[in-house]
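First comes the structure, then the notes that go with it.
Every chain is numbered from 1, with letters handed out A, B, ... down the list of sequences. Computation of the quantities below employed the complete heavy-atom set of this structure, encompassing side-chain atoms and omitting hydrogens, waters and symmetry-equivalent molecules.
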2 protein chains.
Amino acid sequence: MMDERQIFNDYIKSEGLKGTSQRAAVLDVFLGTEGHVSVDDMHRMLSRRKLKVGYATVHRTMKLIAQCGLARQVRFNDGITRFEHQYMHEHHHHLVCTQCGKVIEFNSDRIDDAEKIILRKYGFLMHSHRYDVFGLCKECQNKKAGSSVKSG
Amino acid sequence: MMDERQIFNDYIKSEGLKGTSQRAAVLDVFLGTEGHVSVDDMHRMLSRRKLKVGYATVHRTMKLIAQCGLARQVRFNDGITRFEHQYMHEHHHHLVCTQCGKVIEFNSDRIDDAEKIILRKYGFLMHSHRYDVFGLCKECQNKKAGSSVKSG
DNA sequence: AGTATATTGAAAATGACTTTCATTTTCGAG
DNA sequence: CTCGAAAATGAAAGTCATTTTCAATATACT
Ligand SMILES: [Mn+2]
Ligand SMILES: [Mn+2]
Ligand SMILES: [Zn+2]
Ligand SMILES: [Zn+2]
């Protein structure tokens, strides 16, 4: 099991790119995150740590981190691209609460099986997929129910 | 079974909005489409028909068409919002060929069942969902296989 | 060390929308 | 009908995430 920094550095080298302190800093901060982080999130976290890395460079580095397989891009419907760990993290799908923004991750063997059947049926070669469900989490449903009881 | 223009006009009226030739033209063109059309596509089709409708108005009208339930917004990963018919069209998911751009629509009772189980498990109230598979369609796989045989 | 090559980051550009606002159109009351 | 309040239009400007530009700087082979 290879170290994540190793994977990144190997990728950098294999592409004829160069190692820089900025890239190391961005990777470092990303490795400390969990969940779904935007470039803006990353840039803010770096600043908080007194690591001055330009916005464009954060962007460019996150792209590299995704390209080498350490991260996966995730896009819900708010126009912001986020990144989540992909290395040593099981693939999963998302339940996105449109009220509070919470994201629940889920897996389903049934869905995986159903997908295989679909792919076979259409002779489609899958590279990636996403299954996002938008709605209300349990808590937000309760809040809404509570408020409508009070007002109704 | 209500006529689509009727649904649109009723919605317009119910919202205190006004009927205009531009709105009629946009709806008319949309009703003649199938598949997944962008605002740009719509604007182009309208121009081709000598119907001069401003870009912003096409945008605004497509939003109304979606709001009244005639269309559904679809976003793949190219940053462009498209619209597809929703009225009298079964809900479905997509296989998107990243090579030729073709979009295959599919349905799966197995997936629907699996989804119900997931929603129950997390107590999540779904408003909408999307399941997009990205990869290569059968034809593009064959093309790729053919070319690698020639060159290899 | 020296040098070719890649990187950085501030600022400008991009591109898909969205908003602004002066002008035009709609539609229901009179 | 005819008016006029209210809404719609569209050209142009604004937004906002992301991408590109390019002069200055850093990196990594010899
Ligand atoms: Mn996730
Ligand atoms: Mn579709
Ligand atoms: Zn919630
Ligand atoms: Zn294809």
Residue whose nearest DNA chain C nucleotide is more 5′ - B:T81 or B:K13: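 First, find each residue's nearest nucleotide; the 5'-ward one identifies B:T81.
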Residue mapping more 5' on DNA chain C - nearest nucleotide basis, B:L17 or A:T20: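 The residue closer to the strand's 5' end, by nearest nucleotide, is A:T20.
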Over how many whole Å does the gap from [X] atom [atom1] to [N] atom [atom2] extend?
| X | N | atom1 | atom2 | value |
| --- | --- | --- | --- | --- |
| A:F76 | D:dA17 | CZ | P | 17 Å |
| B:M42 | D:dG10 | CE | P | 14 Å |
| B:F83 | C:dC17 | CZ | C1' | 11 Å |
| A:L46 | C:dT8 | CG | P | 12 Å |
| A:R60 | D:dC22 | CZ | P | 14 Å |
| B:D78 | D:dA17 | CG | C1' | 15 Å |
| B:K63 | D:dT9 | NZ | C1' | 15 Å |
| A:N77 | C:dA16 | CG | P | 17 Å |

Tell me whether the side-chain N/O atoms of [X] come closer than 4.0 Å to OP1 or OP2 in [N].
| X | N | answer |
| --- | --- | --- |
| B:R23 | D:dA8 | yes |
| A:Q22 | C:dT7 | no |
| B:H59 | C:dT18 | yes |

salt_bridge([X], [Y]) N-O dist < 4.0 Å:
| X | Y | result |
| --- | --- | --- |
| A:D113 | A:R110 | no |
| A:D132 | A:R75 | no |
| B:R44 | B:D41 | yes |

Upstream residue (5' side of DNA chain D) when A:Y55 and B:K52 are each assigned their closest nucleotide: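 Result of the comparison: B:K52.
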Closest to the A:I80 side chain, choosing from D:dG10, D:dT20, D:dA17: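 The listed nucleotide nearest to A:I80's side chain is D:dA17.
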Touch class at under 4.0 angstrom, heavy-atom based, for B:V53 against every strand present: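 Since only primed, P, OP1 and OP2 atoms lie under 4.0 Å of B:V53, the category is sugar-phosphate.
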Base D:dA26 to side chain A:K18, donor-acceptor N/O within 3.5 Å cut-off: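 Not at all, since no donor on one side and acceptor on the other fall under 3.5 Å apart.
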Test of ring centre spacing under 6.0 Å for A:H93 and A:H91: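 Yes: the rings meet the under 6.0 Å criterion.
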Salt bridge (Lys or Arg N to Asp or Glu O under 4.0 Å) evaluation trace for B:K116 with B:D112: CA-CA 6 Å; B:K116 283 193 197 92; B:D112 294 347; over 6 Å; no
